[in-house]
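Letters A, B, ... are given to chains in the order of the sequence lines, protein chains preceding strands, and every chain is numbered from 1.
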Amino acid sequence: MSHTRQVLFYAPKHGNTEAEWEDGAAAAPADGAGRGPRFAVADGATQGFGSARWAQQLVAGFVGDQGTAPELTADALHRWAADMQDRWRDDPRLAGATDLQRLKQATVGSFATFLGCELRDLTGPRPRWTAVALGDAVLFHVRGHRVVAQFPPIPADEFGSNPDGLPTGAAGLAEMIGRASFAEGDLADGDLLYLATDAFAQWVAAADLRDRRALWTTLAGLDHPEAFRALVADRRAAREMVNDDVTLLRVRLDRRPAEHLVVCL
Amino acid sequence: MTTRNAIVLALTAVCAAVGGLIGLQTWDLDFWRSVTVVVVGALLGVLLAFGVLTTDRRPVTRTHHPTPAVAEREPVFAQAASSSEPETKPANRTWWAEAPAPPATTTATKPQEPLRQGYDVDRAVVAQCPRCGDFRLDLKQDGESCAFHCRNPNCGHRWEWRAGTPWPTTVVRRNLTG
Amino acid sequence: MENYRQSVSRADPGCVVILLDRSDSMKLAWGRTGASLADGAALAVNNILLDMCIKATTEVNAPVRHYFDVGIFSYGARVGEAGEGVESAFGGALAGRGLVPLPELAEHPMAVREEPSIDLMPVSARMPVWVDPVHGHRTPMCQAIAVAGAHVFDWAAAHPDSFPPIVVNITDGMVTDSPYDGATLQDWARRLTSIETNDGATLFFNVFLSPFEVTEIVFPSDPGGLPPPGPDLFALSSPLPRPMVDNARVDGYDVRPGARGLAFNVGRSTLLRVLQIGTRVPDRVR
Ligand SMILES: [Zn+2]
């Protein structure tokens with residue numbers, strides 16, 4: 001099971017532009033030094049300042065694109081998150097901020113739910129995923145058309161009530177890190193992992209109860225951003241999906257190498 | 001067909017025609033020979049062009065989806081309809097007696113079925129820009145090696161990837177690149 | 001489908017209109033503050049406008065988002081002209097304007113100056129100012145609804161899918177122009193609240209200011225026991241919709257079923273809190 005293939009789909013809230021998508025999504029291959037492939041999604045607070053940058057900072061940092069990727073322990077995550085906060089606060093782009101922007105940066109800041117995942121021992125005896133979560137971004141581990149594991153295990157009707165996430169302010173960080181949950185699960189050839197932010201995850205959790213075969217067939221077959229967006233627009237119009245920024249990161253595990261390269265037009 | 005392909009085909013046809021005409025000037029040929037020179041020249045040129053453009057050694061699947069019905073909006077700040085009017089509307093305006101304009105109907109557009117092109121999605125790598133996450137890419141292939149160029153006008157990232165290797169670290173930055 | 005659920009976005013912005021009493025009685029001192037009702041009301045209005053601008057400020061190098069169109073209409077004394085009447089209360093570059101998109105509002109305060117804190121703390125801060133305190137003449141509240149209503153009507157027609165317009169009336173006195181144009185204040189309120197979007201009817205909230213330190217009554221569910229003009233204002237005021245009931249409860253108010261968008265005999269800090277509750281429309285936290 002040496003091959004992983006991922007795709008990162010995303011769409012802003014209906015009525016907003018691409019630039020207003022305030023989630024984050026990142027994927028990185030194994031680093032060659034023992035760390036496995038990493039994947040992360042985050043969901044920046046709508047009412048914050050610089051939320052898109054914060055969500056992006058977190059996912060990029062977790063996969064090792066900015067600074068050193070953290071180990072998946074509370075202590076390591078705490079040090080890493082503090083470093084992420086410094087980088088977000090010292091962003092050179094802030095040189096051009098207006099008074100209103102400085103005021104909001106200082107008084108409100110931002111906040112983001114976070115879900116990070118690493119695949120381990122992919123060529124060894126016990127391939128598995130291991131993940132950390134703060135808030136209601138969710139990982140679905142799917143085999144065939146069945147959810148093997150959902151992490152965190154939030155029921156469809158309880159989304160939105162979890163206040164956990166990573167703040168940009170130093171004050172609440174230690175307490176939040178203490179609330180992070182960790183999980184892992186064994187992987188098999190052909191398994192799929194889906195990482196989704198809350199609006200999409202909530203719909204997935206509900207759709208899985210209604211018709212799981214249709215759901216997982218659809219999601220496994222997504223091969224074009226417009227197909228993803230059409231699905232989202234359709235479910236929003238049917239009021240099955242909350243109108244919010246959405247993100248879906250799909251990872252496929254396969255013993256066989258890829259046969260096709262898909263370039264979308 | 002991409003713009004590049006179209007340009008190559010058009011140039012081929014033009015060159016073939018020009019070459020044929022030059023040939024007619026150089027040698028005094030009778031009518032049927034002239035026709036044969038032009039036709040064969042054009043055919044060879046077109047075949048050569050098709051050959052150049054289609055000899056991808058790996059199967060590259062290009063999926064095409066119809067443009068979504070709702071065009072994306074540019075971040076233009078709408079002015080309120082009344083913003084340029086004087087503050088106090090005519091005192092005799094009887095807005096409470098006017099029939100409100102019928103609300104616009106919002107019909108959900110049915111997503112069109114993806115055009116499947118006979119490949120196994122399970123075995124496919126979906127190409128995506130590592131720097132911004134956009135899917136609009138140009139590709140030049142040379143054997144196992146692929147050179148990509150991101151067509152997002154705010155990105156323009158170029159990178160190379162070899163079949164069989166992992167996809168490079170990807171961070172979606174559409175929100176900062178547009 | 002339940003109403004009052006639409007969240008604000010650039011495609012479906014909200015509309016907030018404040019009717020600001022500028023009658024003569026607004027010159028009275030407000031409790032122990034030493035400042036007049038007019039001062040306090042202007043301060044609260046400037047505060048809520050700043051709040052809205054801050055909420056719509058999301059990123060460096062990005063303009064304030066167009067989440068709302070905002071209008072402030074004053075009734076009573078006029079600024080540029082003699083006599084009483086209804087006019088846009090904006091000063092400076094926005095003078096005379098009806099509904100103004102939030103990004104434009106953020107760019108054009110009439111001044112940025114030291115303003116006292118609204119909570120009587122011994123601090124002041126540099127704050128943008130859009131409206132000044134003014135008082136004089138009587139209380140032409142009906143005309144205020146007639147003028148603002150025309151803007152609200154056109155806005156609703158142009159934004160059928162938006163959260164319905166929110167109109168907040170800040171007053172300290174009795175209406176003096178009812179009936180106006182053959183219609184009573186009740187009629188005018190009914191006309192205003194019959195303007196609808198697909199998400200529900202226009203909301204009309206009332207805040208009654210009292211110069212005396214008396215018991216505040218916020219979001220009552222029963223007009224009984226309210227001194228005049230409490231029962232009349234209760235009848236004019238829209239029931240608080242669900243999202244605002246939730247807002248009010250988060251802020252610690254005991255909101256009973258049937259509660260109306262009415263705050264009676266309020267002090268300065270309560271005025272601002274009520275404005276915040278009444279202008280916070282549904283939004284996803286993340
Ligand atoms: Zn790109």
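Atoms NE2 and SG, on His157(B) and Cys132(B) in that order, are 9.0 Å from each other to the nearest 0.5 Å. To the nearest 0.5 Å, atoms CZ (Arg252(A)) and CD (Gln6(A)) are separated by 11.5 Å. In this structure, CH2 on Trp54(A) lies 10.0 Å from CZ on Phe114(A), to the nearest 0.5 angstrom. We find the CG-CD distance between Leu72(A) and Glu118(A) to be 6.5 Å, quoted to the nearest 0.5 Å.
Heavy-atom proximity under 4.5 angstrom to chain B picks out Ala27(A), Ala28(A), Pro29(A) from residues 27-40 of chain A. Interface residues of residues 57-66 of chain A toward chain B, defined by a heavy-atom distance below 4.5 Å and sorted by number: Ala60(A), Val63(A), Asp65(A), Gln66(A).
At a threshold of 4.0 Å, the pair Glu259(A)-Arg5(A) does not count as salt-bridged, since none of the basic side-chain nitrogens sits closer than that to a carboxylate oxygen. With respect to Asp138(B) and Arg151(B), a salt bridge is recorded, a charged nitrogen being found less than 4.0 Å from a carboxylate O. A salt bridge between Arg162(B) and Glu144(B) is absent, with no side-chain N of the basic residue lying under 4.0 Å from a carboxylate O of the acidic one. We find that Arg93(A) and Asp91(A) are joined by a salt bridge, their nearest charged nitrogen and carboxylate oxygen being less than 4.0 Å apart.
A donor-acceptor pair under 3.5 Å links the side-chain atoms of Ser51(A) to the main chain of Ala45(A), judged by distance alone.
In summary, the side chains of Thr197(A) and Asp43(A) do not present any donor paired with an acceptor at a separation below 3.5 Å, with no hydrogens or angles considered.
Heavy atoms closer than 4.5 Å to chain B are found in the backbone of Ala220(A), but not in its side chain.
Taking chain A as the reference chain and counting heavy-atom pairs below 4.5 Å, the highest number among Pro166(B), Pro168(B), Ala124(B), Pro130(B) is found for Ala124(B).
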